[in-house]
Amino acid sequence: MISVRIVLTDHYITPVNSQFDPVYSKLRHPIKQVPIIRIFGPNEEGKKVCLHLHGIFPYLLVKSPTDEIRYGEQLAQSLDMAINLSFEKGNTDTKHVHDINLVELLPIYGYHEKMVKFWKIEFYNPSIIRKAADLLLAGAVMNQEFQPHEAHVPFNLQFFIDYNLYGMNFILFNNACERNSSQITTNLSTASNQTTTISSVPRVSSCELEYDVHIDDICNKPPQIGKGIANPGLQALWNVGRILLDLWRILRSEITLNIYTFENAIYHVLHERVPHYDISLLSKWFIDEGLNPSFGLRDFVTLLDYGWTHSMGNFRLLYELDLINKTSEFARIYGIEFYHVLSRGSQYRVESMMIRLAKCLHFITVTPDNRQRLYMRAPECIPLTLEPISNIYFTPVAVLDFQSLYPSIIMAYNICYSTCLGRIDQLDKQGLFKFGCTSLTISDKVLSNLNLDTDIFCSPNGIAFVKRHIRRGILPVMLEEILATRVMVKNTMKLIDKKSTLYKTLDARQLCLKLIANVTFGYTSASFSGRMPCVEVGDTIVHTARTVLERAIDFIRTNPHFGGRVVYGDTDSLFIQFPHSTRAQAFEQSHLLVKALNQLYPSPIKIKFEKIYMQSVLASKKRYVGMSYEIVDQKQGKFDAKGIETVRRDTCLIVSKILQQSLKLLFQTKDVTRVRRYVQFECEKILTNRFNLLDFIFAKEYRGKTRYHPSAPVPALRIAIERAKTNPLAEPNQGERVPYVIGFNTELLNANLIDCVWTLDKVLQYKSQFKLNSIYYIKKQILPALDRCLALIGVNVFKWIDNLLIDVNSNDKQQGSVLDENIHRNTLRQRCIVCLQLTTTPLCNECREEEDLSEIMIICETKANKLERQHANLQRLCLACSDRMDGWFQCSTIDCPIRFRLHKITQLMLNAQETRKFVYNEC
DNA sequence: TTTAGGCAATAGGCTCCGTTCTT
DNA sequence: AAGAACGGAGCCTATTGCCT
């Protein structure tokens with residue numbers, strides 16, 4: 001037996017080889033070309049193998065109006081003709097259909113009582129399937145409309161499913177033909193106990209072994225669970241070099257960062273700082289070394305070190321996030337290839353799992369085309385999101401959650417494509433009615449076999465489903481399996497050391513099971529892009545979920561003795577305030593409530609206690625924050641924010657910092673005055689230029705040059721166009737987050753916000769001209785965010801900074817936009833070094849006259865000294881990271897606060913030194 | 001090639017309408 | 001006194017990113 005781990009697959013078309021392939025079709029024509037599936041991966045000894053699988057043909061199915069064999073042949077002929085006609089200049093004799101067979105299957109789409117006869121049409125070329133499906137549906141074949149089935153399943157996946165193969169698992173076969181290699185002509189000892197023969201076909205890959213295999217020789221058994229945790233197959237990924245991982249794209253979906261530069265990822269994942277040198281600097285170092293070895297050697301070492309750090313950094317990121325293991329686990333469980341876990345969407349995953357199950361039960365899936373999707377009835381239901389009773393709560397608020405609500409509903413009510421009878425009001429009418437994106441007939445005979453009371457579940461939106469004793473739906477069966485497995489995995493995890501590899505693997509398994517359970521609903525209602533959407537199914541799930549939630553709300557309202565009041569809820573969650581309880585009491589009350597609520601619902605629908613917010617803010621729908629407690633004895637609450645600016649990435653760090661600190665202060669002290677003082681202090685720091693620029697960087701996703709409305713004032717777009725002008729390659733990638741800050745535009749009189757955008761390069765290049773638009777940041781970013789929370793208790797935060805702005809406001813009341821005014825107002829202000837009053841000179845006039853000269857000089861000296869010391873300290877920190885004395889100057893990272901702080905301190909130090917000079921001269 | 005819709009929020013354009021300035 | 005200019009309210013669209 002030979003076994004090969006399936007790491008990567010592809011397919012190609014090749015002329016017939018009589019040694020492996022059929023040469024004559026049963027449809028009585030000679031075969032010219034056949035499809036071959038290739039599988040790459042290591043065998044059990046770790047040798048790289050390339051398999052060529054013969055004898056597999058892609059296929060689709062159509063319902064048969066008759067079961068005459070003759071009819072099938074006509075159908076094949078007519079289809080060939082239609083395809084040839086559709087290629088205008090094609091040879092009209094080309095054969096596309098390899099074979100056609102009659103099979104009996106159960107359509108999954110809508111309830112069908114009995115098996116239906118289908119023609120299974122096999123083709124030579126996988127890429128012809130789409131076209132054939134379109135032609136069949138369009139009525140171009142035999143003057144009749146055929147609804148294609150399973151045409152949307154990609155060839156390789158179809159093969160995986162039919163032969164029970166899973167990505168990253170083994171494919172087994174007992175007979176193979178080795179392709180000869182000039183390098184290892186004699187070394188066949190490993191294969192001596194196997195039934196291999198030498199193939200005449202030349203090799204095409206660089207793999208050590210290359211086999212031709214016929215499909216009939218595959219002997220895969222059901223997968224062995226628990227095997228394959230240590231994973232030698234993974235080595236092959238790197239050796240073969242066939243899978244290219246775009247780490248940036250992976251990280252983008254894996255972790256939430258403000259900006260996905262290498263340096264920032266390293267910092268957030270590995271908690272290390274690394275420098276960033278501009279590519280032009282690197283090439284300068286590289287070239288200099290050649291020209292002037294003695295001078296450049298130091299630079300050259302940095303260059304090598306830099307390259308090393310970067311390459312190793314990528315691996316360390318992969319390792320730290322356990323990406324390879326995780327992705328392999330996903331591949332095994334979903335049964336798809338390794339790379340497809342990363343590159344393809346979740347529909348593909350659902351399909352792999354669902355169609356496998358469906359095939360076991362002789363179900364067949366339908367393939368709708370775009371037009372059919374388009375004409376599907378629009379959904380009528382949306383999830384329930386309550387308008388929150390917005391307030392700041394200092395009494396406990398409990399959060400209850402329905403556990404996997406959508407999957408539970410699917411299971412509880414046996415909701416599936418295959419159990420759906422369609423709309424109840426259409427049932428009494430005879431004939432074809434619209435169903436999802438195709439149509440369905442439920443005959444009188446079928447109906448009369450069903451007892452309307454006991455055999456049918458009618459959803460609140462008027463869709464009927466047969467109950468489980470009549471027909472078990474595919475979706476509920478699949479979900480039950482998935483969730484039961486997940487429970488099993490989680491139980492095993494409890495027994496295992498948390499640091500072990502096994503634990504990580506199991507964790508990946510349970511995570512991937514959870515993901516698939518959640519997207520199953522999405523698959524049924526993906527109306528615009530879905531591969532097999534069905535509005536009836538999707539709508540029912542949503543509507544039932546709605547009624548489930550409404551019922552809970554109603555129960556709480558009508559049972560006031562629980563002491564709770566619903567203040568908010570979204571889709572499957574409920575926020576319940578206990579106005580007269582302590583935290584401990586609220587825990588008890590909510591547990592009682594959960595118990596009572598669970599009596600209302602059929603299994604497995606279950607509501608669960610999640611947490612208690614003690615001190616919380618419900619700002620608006622999908623926006624709230626609070627100090628959360630998950631267990632009674634928890635000492636310290638956890639700051640838990642949803643949807644507000646502290647978790648959003650479309651503002652800058654300063655906003656989330658100030659908001660978070662303010663809220664914490666408010667929660668701890670319940671004293672608005674303290675919050676006010678804090679905010680005023682922070683705003684003053686910004687206005688007087690004492691801040692770290694890092695906190696003021698916006699970084700938003702760039703969608704790509706052509707993906708914007710022509711007039712859209714998007715900073716990322718403006719920057720991208722600007723960059724592309726000098727170097728087309730410098731245009732940001734699609735999805736890249738482009739950093740910028742808001743300053744002033746002194747050239748334009750009527751500047752819009754977008755005209756005030758500065759890239760960081762520009763800021764550092766024209767340091768003296770750049771002034772942070774502090775008014776914008778305060779008035780348009782920081783205060784509105786605070787206002788949304790604090791306005792709930794009647795605080796006007798905008799008034800807080802009035803006196804801070806008074807002296808600038810009294811200036812010329814120019815016409816123009818707010819921004820325009822700010823240009824005139826934003827004279828760099830400073831404080832008198834002695835009395836700390838705001839002035840325009842380093843020393844205010846009063847102090848100059850009154851204070852003792854020597855004292856002033858001491859103050860000056862101390863200040864300058866202090867800054868010089870700070871500067872030296874920061875430089876040392878920088879040295880530790882870059883290993884260069886001039887590191888802070890050369891490094892161009894935008895993710896390091898130390899670098900910005902150093903720039904800042906340098907400036908302050910120079911200012912202080914100037915002040916010192918000023919005082920010496922003046923006095 | 002592609003799970004979904006809901007939601008809040010910012011920026012900026014446009015129109016309407018009342019107020020203020022200019023001739 | 002008539003007309004122009006201004007500025008705010010209200011509405012719309014585009015864009016972004018989070019929630020379940």
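First the proteins, then the strands, lettered A, B, ... as listed; each starts at 1.
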*Would you kindly give the NZ-to-C1' distance between Lys642(A) and dC7(B), to the nearest whole Å?*
16 Å

*Looking only at side-chain N and O atoms, does Arg648(A) come under 4.0 Å of OP1 or OP2 in dC19(C)?*
no

*asked:* Classify Pro379(A) by what it touches in the nucleic acid, base, sugar-phosphate, or nothing, heavy-atom distance under 4.0 Å.
replied: nothing

*asked:* Rounded to whole Å, how long is the line connecting atom CZ of Arg249(A) with atom P of dT2(B)?
replied: 14 Å

*Bend angle of the helix from dA4(B)-dT20(C) to dT23(B)-dA1(C), end axes from five pairs each (to 10°)*: 0°

_Touch class at under 4.0 angstrom, heavy-atom based, for Ile644(A) against every strand present_ = nothing

*dA8(B) C1' sits how many Å from Gln781(A) CD, rounded?*
14 Å

Side-chain donor-acceptor distances from residues 647-654 of chain A under 3.5 Å, at least two apart:
{"unit_1": "Arg648(A)", "atom_1": "NE", "unit_2": "Asp650(A)", "atom_2": "OD1", "d": "3.2"}
{"unit_1": "Arg648(A)", "atom_1": "NE", "unit_2": "Asp650(A)", "atom_2": "OD2", "d": "3.4"}
{"unit_1": "Arg648(A)", "atom_1": "NH2", "unit_2": "Asp650(A)", "atom_2": "OD2", "d": "3.0"}
{"unit_1": "Arg649(A)", "atom_1": "NH1", "unit_2": "Leu257(A)", "atom_2": "O", "d": "2.9"}
{"unit_1": "Arg649(A)", "atom_1": "NH1", "unit_2": "Tyr260(A)", "atom_2": "OH", "d": "3.1"}

_Side-chain N or O of Arg252(A) versus OP1/OP2 of dG17(C): is the shortest distance under 4.0 Å?_
no

*Report yes or no: is the cationic atom of Lys664(A) (NZ for Lys, CZ for Arg) under 6.0 Å from the centre of the six-membered ring of Phe639(A), at an angle within 45° of the ring normal?*
yes

*Ile754(A), nearest nucleotide to its side chain (from dT1(B), dA9(B), dG12(B))*: dG12(B)

*Which value, in whole Å, describes the distance between the P atoms of nucleotides dT2(B) and dT20(C)?*
27 Å

*Which of the following nucleotides, dT16(C), dT2(B), dA8(B), is nearest to the side chain of Arg623(A)?*
dA8(B)

*asked:* Counting the atoms with a prime plus P, OP1 and OP2 as sugar-phosphate, which does Arg349(A) contact under 4.0 Å by heavy atoms, base, sugar-phosphate, or nothing?
replied: nothing

*Do Tyr777(A) and Phe696(A) have their ring centres less than 6.0 Å from each other?*
yes

*With no angle test and no hydrogens, is the base of dG17(C) tied to the side chain of Arg649(A) by a donor-acceptor pair under 3.5 Å?*
no

*Are Gln403(A) and Ile607(A) close enough, and set up right, to give a side chain to side chain contact (heavy atoms under 4.5 Å, CB included), and what steps lead you there?*
CA-CA 6 Å; Gln403(A) 226 175 352; Ile607(A) 198 164; over 6 Å; no

*According to a strict under-4.0 Å criterion, is Arg737(A) in side-chain N/O contact with OP1 or OP2 of dT16(C)?*
no

_Phe435(A) ring center within less than 6.0 Å of Tyr109(A) ring center_ = yes

_Closest approach to the side chain of Gln347(A), judged atom by atom: which nucleotide of dT16(C), dT3(B), dG5(B) is it?_
dT3(B)

*Which whole-number value in Å describes the distance from Leu157(A) CG to dT1(B) P?*
13 Å

*Tyr708(A) side chain N/O closer than 4.0 Å to the phosphate oxygens (OP1, OP2) of dT16(C)?*
yes

*For this output row, return yes or no: ring centroids of Phe330(A) and Phe338(A) closer than 6.0 angstrom.*
no

*Can a side chain N or O of Asn518(A) be found less than 4.0 Å away from OP1 or OP2 on dA4(B)?*
no

_I need the CD-C1' distance between Glu701(A) and dA14(C), as an integer number of Å._
16 Å

*When you get a sec, tell me which of dG5(B), dT3(B), dG13(B) is the closest nucleotide to the side chain of Asn752(A)?*
dG13(B)

*Using only side-chain N and O atoms of Lys621(A), determine if any of them is under 4.0 Å from OP1 or OP2 of dC7(B).*
yes

*Would you mind telling me which of dC19(C), dT10(B), dG12(B) lies closest to the side-chain atoms of Leu753(A)?*
dG12(B)

*asked:* With a 4.0 Å cutoff (strictly under), does any side-chain N or O of Arg703(A) reach OP1 or OP2 of dT15(C)?
replied: yes

_Selected nucleotide, minimal atom distance to His709(A) side chain, candidates dT10(B), dT15(C), dG5(B)_ = dT15(C)

*Could you state the OH-P distance from Tyr702(A) to dT15(C), rounded to the nearest angstrom?*
12 Å

*Atom-pair distance (CG on Asp570(A); C1' on dG6(B)), nearest Å*: 8 Å

*For Ser346(A), answer base if it contacts any base atom (sugar-phosphate contacts may also be present), sugar-phosphate if it contacts only those atoms, and nothing otherwise; contact means non-hydrogen atoms under 4.0 Å.*
base

*Between dA9(B), dT2(B), dG12(B), which nucleotide gets closest to the side-chain atoms of Pro713(A)?*
dG12(B)

*Between Arg371(A) and Asp134(A), is there a side-chain N and carboxylate O pair less than 4.0 Å apart?*
no

*Do the side chain of Asn125(A) and the main chain of Ser127(A) share a donor and acceptor less than 3.5 angstrom apart?*
yes

*Checking all strands, does Val647(A) fall into the base, sugar-phosphate, or nothing category for heavy-atom contacts under 4.0 angstrom?*
sugar-phosphate

*Give the minimum heavy-atom separation between Phe160(A) and Gly167(A), together with the two atoms involved.*
CE2-N, 3.8 Å

*asked:* Nearest whole Å is fine: how far is dT10(B) P from Ile742(A) CD1?
replied: 14 Å

*Under 4.0 Å between a side-chain N/O of Tyr624(A) and OP1 or OP2 of dT20(C), yes or no?*
yes

*First encountered from the 5' end of DNA chain B, between Thr385(A) and Gly530(A)*: Gly530(A)

*Sort and list the pairs that fulfil salt bridge (charged side-chain N to carboxylate O under 4.0 Å, His left out) and have at least one residue in residues 517-538 of chain A, not counting sequence neighbours.*
Glu351(A)-Arg531(A), Arg377(A)-Glu536(A)

